[in-house]
Amino acid sequence: MDNLYAGAGDRTLTDEQLAAKAREGDAAAMEELYLRYRQPVFRIVYRSTRNIDEAEDIVQDVFLKAFERLHTFREQSRFSTWLMRIALNLCTDCARMRQRRQELLEREADHKLAWCHPDAPDPMETAQQNAFHEAFYTALNQLPDHHRQLIILRDLEEMDYERIAQILGTSVGAVKLRVMRARRAFKAKLEPLLRAIGELE
Amino acid sequence: MKRLCRELERHLESGAEHLPDALRAHLAGCAKCQRAWRLHQAYQRALQAAQGEPTPACELPWSRVQAQLAARAVSRRPLAWARPALGWGMAVAVVLAIGATLLPWGSQPPSRGETLAQAQRSEPRVPDTPPKADTTRDVAGTVSTEAQGVALALVDPRAPDARIVAQATPRMGDSARLQPPAPETPKTGAYAARLRDPEVLARRPADEVMGAPAFIAASEPPFTVASLPLTPFGVNDTATGVEYLPISYGSPSSYREGSSNEAIIGSF
């Protein structure tokens, strides 16, 4: 699929140069930016949603929002940083909507559907699949948005603290502190799940 | 011991893989730290498993994003020309709102006491003014209840008789009588003229014209003034089958059976 669109933009230009051209309405520059960052954005979004269709929808929204608001991009940070910030914000919105939808479903079913929710830990099912893996993402989805973002950026994507600080618009020290808190919260969520599947015995 | 526990906890939270010797020695003898260490190792394993998980490729084509961009641009285009019109519309609305707010300040509505006085001055007197209707002002300068009753009879063409209405009008308490009079500044303007209009006064509810408390009209059911002849009558009128309730005004010493202080205010 990439080959169909490869070469549409000038690959020698930097992101910021392409963004400047895209701001003037250059469709080829937009396409080049899209092809450069489609997969990195998708990877982060997919870590958060764990659903391909939902992740693709969010990726589309990320680029729509980015191209429509290119005039607000002031080039004080890298284009990729700015794009990641948009992606994280949209992931947060999506997670809230999903949470609300799930609450409504559970309320309607009077909690009878909780056992068949895909995120709910089912020892039999997770034993057949990858229990360890599922417990990890179950705990991740139970985290608040700001903690989940940091776990994804720092521990899963292994971004450095400086980059995370740029994305989140804060200092490196603050990011380190927040990462520590996020890990503590994550372990607190993870521990009972791991104990349930016998990982901590 | 607690210091080492906290140090180990900080060490684990910072994501360190290897422990110093001092912490390792402490770990061997501390159950709480052993549990934290096991959890940390499990967390690391889970992280590695998640990192090793292949992320599916995003197959969202650029054409789809481009089409969405074009569709959004088309849908937003009318807003571009509508924005100045919207601004002008808002400006006009603000000016109109300010004008509507400032306009009533030019002609303030007169007070109720003043309305009564104006109504009395503007209306012609009925020849058979009842003797009980005292139109003079008392010490405090407030128009007495009898005068209010007369005024009600004057302005209300549906009233059967001024005397009955005057006597039937519930008396205000002393507190109402002792209230200072409303200022007598003559009002001008269309609103004041409209208030002096006898037709307008006739259409307004009697309580509102007389300045009675609004809760009387709101809380009690409207009573009907009995249209009866001005002749002495007993408490129970057996001819009509209607029972009347006599109400006596004045002090108990001045009360006499069948005196003119009695008034019939309604049927039950």
Side-chain angles (χ1 to χ4, degrees), chain A residues 1-2 4-5 8 25 27 30-32 34-35 38-47 50 52 55-64 67-68 130 132-137 139-140 151-152 154-158 176 179-184 186-188 190-191 193-195 199-201, chain B residues 2 5-19 23 27 30-80 83:
Chain A
M1 190 64 74
D2 276 355
L4 289 175
Y5 303 100
M30 288 184 190
E31 185 177 357
E32 176 63 26
Y34 174 74
L35 293 177
R38 176 179 63 177
Q39 190 61 29
V41 170
F42 177 80
R43 198 170 58 237
I44 286 184
V45 172
Y46 180 76
R47 298 268 194 209
R50 304 276 297 157
I52 294 178
E56 284 187 349
D57 286 344
I58 294 176
V59 167
Q60 175 175 305
D61 287 346
V62 167
F63 281 97
L64 287 175
F67 291 143
E68 285 172 356
N130 192 345
F132 203 58
H133 202 253
E134 290 299 318
F136 180 85
Y137 278 105
L140 190 63
I151 295 291
I152 289 174
R154 174 64 193 162
D155 287 343
L156 289 178
E157 291 297 313
E158 296 183 312
K176 285 182 179 175
V179 167
M180 279 179 61
R181 288 177 182 162
R183 282 178 182 154
R184 194 183 304 165
F186 188 41
K187 285 178 184 175
L190 190 64
E191 185 178 6
L193 298 174
L194 292 180
R195 203 173 293 281
E199 276 293 325
L200 287 179
E201 296 302 323
Chain B
K2 283 187 177 179
C5 289
R6 280 199 298 271
E7 195 174 335
L8 180 79
E9 188 182 2
R10 275 201 300 272
H11 211 79
L12 296 180
E13 282 175 353
S14 65
E17 293 285 339
H18 303 289
L19 290 177
L23 289 179
L27 186 64
C30 181
K32 182 186 168 191
C33 289
Q34 282 176 4
R35 202 175 64 187
W37 175 247
R38 278 199 300 270
L39 178 61
H40 177 72
Q41 285 183 320
Y43 173 70
Q44 293 294 337
R45 283 201 307 274
L47 268 184
Q48 287 169 2
Q51 285 168 349
E53 180 200 25
T55 308
C58 179
E59 297 185 353
L60 181 69
W62 165 246
S63 58
R64 194 171 131 190
V65 179
Q66 198 174 19
Q68 282 289 323
L69 270 175
R72 286 196 185 197
V74 168
S75 66
R76 266 202 321 274
R77 200 165 294 155
L79 287 179
R83 201 167 295 158

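All chains are named by letter (A, B, ...) in the order of the sequence lines, taking the proteins before the strands, and each is independently numbered beginning at 1.
Counting heavy atoms from C-beta outward, A/M30 and B/V65 have side chains that stay 4.5 Å or more apart.
With a 4.5 Å cut-off on non-hydrogen atoms, A/R47 touches chain B through its side chain but not through its backbone. Of the two parts of A/E158, only the side chain, counted from C-beta on, holds a non-hydrogen atom closer than 4.5 Å to a non-hydrogen atom of chain B. Both the backbone and the side chain of A/L64 come within contact range of chain B, with heavy atoms under 4.5 Å apart. Of the two parts of A/L140, neither the backbone nor the side chain holds a non-hydrogen atom closer than 4.5 Å to a non-hydrogen atom of chain B. Proximity to chain A (any heavy atom under 4.5 Å) is restricted, for B/R35, to the side chain, taken from C-beta onward. With a threshold of 4.5 angstrom between heavy atoms, B/Q66 approaches chain A through side-chain atoms but not through N, CA, C or O.
A donor-acceptor distance shorter than 3.5 angstrom exists from the side chain of B/Q34 to the backbone of B/L27, with no hydrogens or angles considered. Listed for the A/E68 side chain is no donor-acceptor partner under 3.5 Å among the backbone atoms of A/F63.
Under a 4.0 Å N-O distance rule, the pair A/E191/A/R195 qualifies as a salt bridge.
With chain B as the partner, the residue from A/R43, A/K176, A/R154, A/R184 showing the most heavy-atom pairs under 4.5 Å is A/R184. Ranking A/K187, A/M180, A/E56 against chain B, the residue ahead of the rest is A/K187, based on heavy-atom pairs under 4.5 Å.
For A/A139, the side-chain contact (heavy atoms from CB on, under 4.5 Å) test picks out A/F186, A/K189, A/L190, A/L193, with sequence neighbours left out. Take A/R50 and apply the side-chain contact (heavy atoms from CB on, under 4.5 Å) test, not counting sequence neighbours, and it matches A/Y46, A/H133, A/E134, A/Y137, B/E53.
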